[in-house]
Amino acid sequence: MNRLKSDFFEKPAINLAEDLLGKMLVRKTDKGLIKGKIVETEAYVGEEDLACHARFGRTERNKAMYGKGGLVYIYLIYGMYYNFNIVAGAEHVPEAVLIRALEPIEGIKLARENLKNYGRVRADKDILSGPGKLCAALNLDKSFYGEDIASSKKIWLEDIGGAKPVVEKSKRVGIDYADIYADKLWRLSIKGNKFVSK
DNA sequence: ACATGGATTCGCT
DNA sequence: GCGAATCCATGTT
């Protein structure tokens, strides 16, 4: 396997968000492996980005974002969903990439089990599409906060090669309050991929 | 301590 | 396309 190491994450969030498209996210649970290809991401770009959780500076909640590239920044939203982010850039630079959707590759049955008490899921394409669902399906929670994805035994990324995907850019979701930053095209997806959310 | 509101999702129209 | 569900962590909204 060709695992991504720390240096891969030491770049601005916008570049990382693009480079992560087409990479394989691997989650090792005690019941087996779940693999999915990243097809949709969003970049959150530091304290001046009014949609970024770092917009009020460093707090207890967002401190992982100030860590080195490759750390996991996970948080609870709407009191019921987790959102999974990978920290980008150098230490002290609060940038991160939200993983919004995966194309299921392996461990689909296991992912469905994890979603059992979640809501109704119909097709395979609905299992990992959407940041909240994706976390539930991969069994990701607060215990992954600050985990280093470059060295963790429970979650990591692999470069599976292949052609560089065609990237589609659009506005980020659910951040209308972010003024001019609400219009930035910092949501990236693989053009035409069925597994992109929404 | 406590009010506030959110990087969502599903189901109904 | 819209509204409700739902509840924890945050704290210049």
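Order of the sequence lines sets the chain letters (A, B, ...), proteins ahead of strands, with each chain counted from 1.
Look at CD on E47(A): it is 13 Å from C1' on dT12(C), rounded to the nearest Å. Taking atom OH of residue Y145(A) and atom C1' of nucleotide dT10(C), one finds them 12 Å apart after rounding to whole Å. Here dG5(B) presents its P atom at 15 Å from NE2 of H53(A), a figure rounded to the nearest Å. With rounding to whole Å, K125(A) atom NZ is found 14 Å from dT9(B) atom C1'. Taking atom CG of residue L98(A) and atom C1' of nucleotide dT8(B), one finds them 11 Å apart after rounding to whole Å. Rounded to whole angstrom, the span from the CD atom of E40(A) across to the P atom of dT9(B) amounts to 10 Å. Look at CZ on F56(A): it is 12 Å from P on dG5(B), rounded to the nearest Å. Rounding to whole angstrom units, OH of residue Y177(A) and P of dT4(B) are separated by 19 Å.
Contact annotation for R61(A): backbone-only contact, meaning every heavy-atom pair under 4.0 Å involves sugar-phosphate atoms and none involves a base. As judged by a 4.0 angstrom heavy-atom cut-off over every strand, I175(A) is placed among residues touching the sugar-phosphate backbone only.
In this structure the side chain of V97(A) never reaches within 4.5 angstrom of the side chain of F9(A), judged on heavy atoms. With contacts defined as side-chain heavy-atom distances shorter than 4.5 Å, the pair K154(A)/E147(A) qualifies.
Side chains of Y75(A) and N83(A): a donor on one and an acceptor on the other come within 3.5 Å.
With respect to D124(A) and R112(A), a salt bridge is recorded, a charged nitrogen being found less than 4.0 Å from a carboxylate O.
Tested against E40(A) for a side-chain contact (heavy atoms from CB on, under 4.5 Å), the candidates V196(A), L102(A), L98(A), I190(A) yield a single pass: V196(A). A salt bridge (Lys or Arg N to Asp or Glu O under 4.0 Å) with E18(A) holds for exactly one of K23(A), K11(A), K164(A); it is K164(A). With respect to L50(A), the side-chain contact (heavy atoms from CB on, under 4.5 Å) criterion is satisfied by exactly one of I175(A), D179(A), I180(A): D179(A).
Taking a pair as Watson-Crick or G-U with both hydrogen-bonding distances under 3.5 Å, the stems of three or more pairs touching DNA chain C are B:2-6 with C:7-11, B:8-12 with C:1-5.
Distance check: S152(A) OG to R3(A) CZ gives 6.5 Å after rounding to the nearest 0.5 Å.
Out of dG11(C), dA7(B), dT8(B), the shortest distance to the side chain of C52(A) is found at dA7(B). For K133(A), the listed nucleotide lying nearest its side chain is dT9(B); candidates were dA7(B), dT9(B), dT13(C).
dA7(B) and dT13(C): their C1' atoms are spaced 15 Å apart (whole Å).
In this structure, H53(A) and Y73(A) have perpendicular ring planes: the angle between them is above 60°, well past the 30° mark.
The stretch residues 73-92 of chain A comes close to DNA chain C through L76(A), Y78(A), G79(A), M80(A), each having a heavy atom under 4.0 Å from the strand.
OP1 and OP2 of dT12(C) both lie 4.0 Å or more from every side-chain N or O belonging to R55(A).
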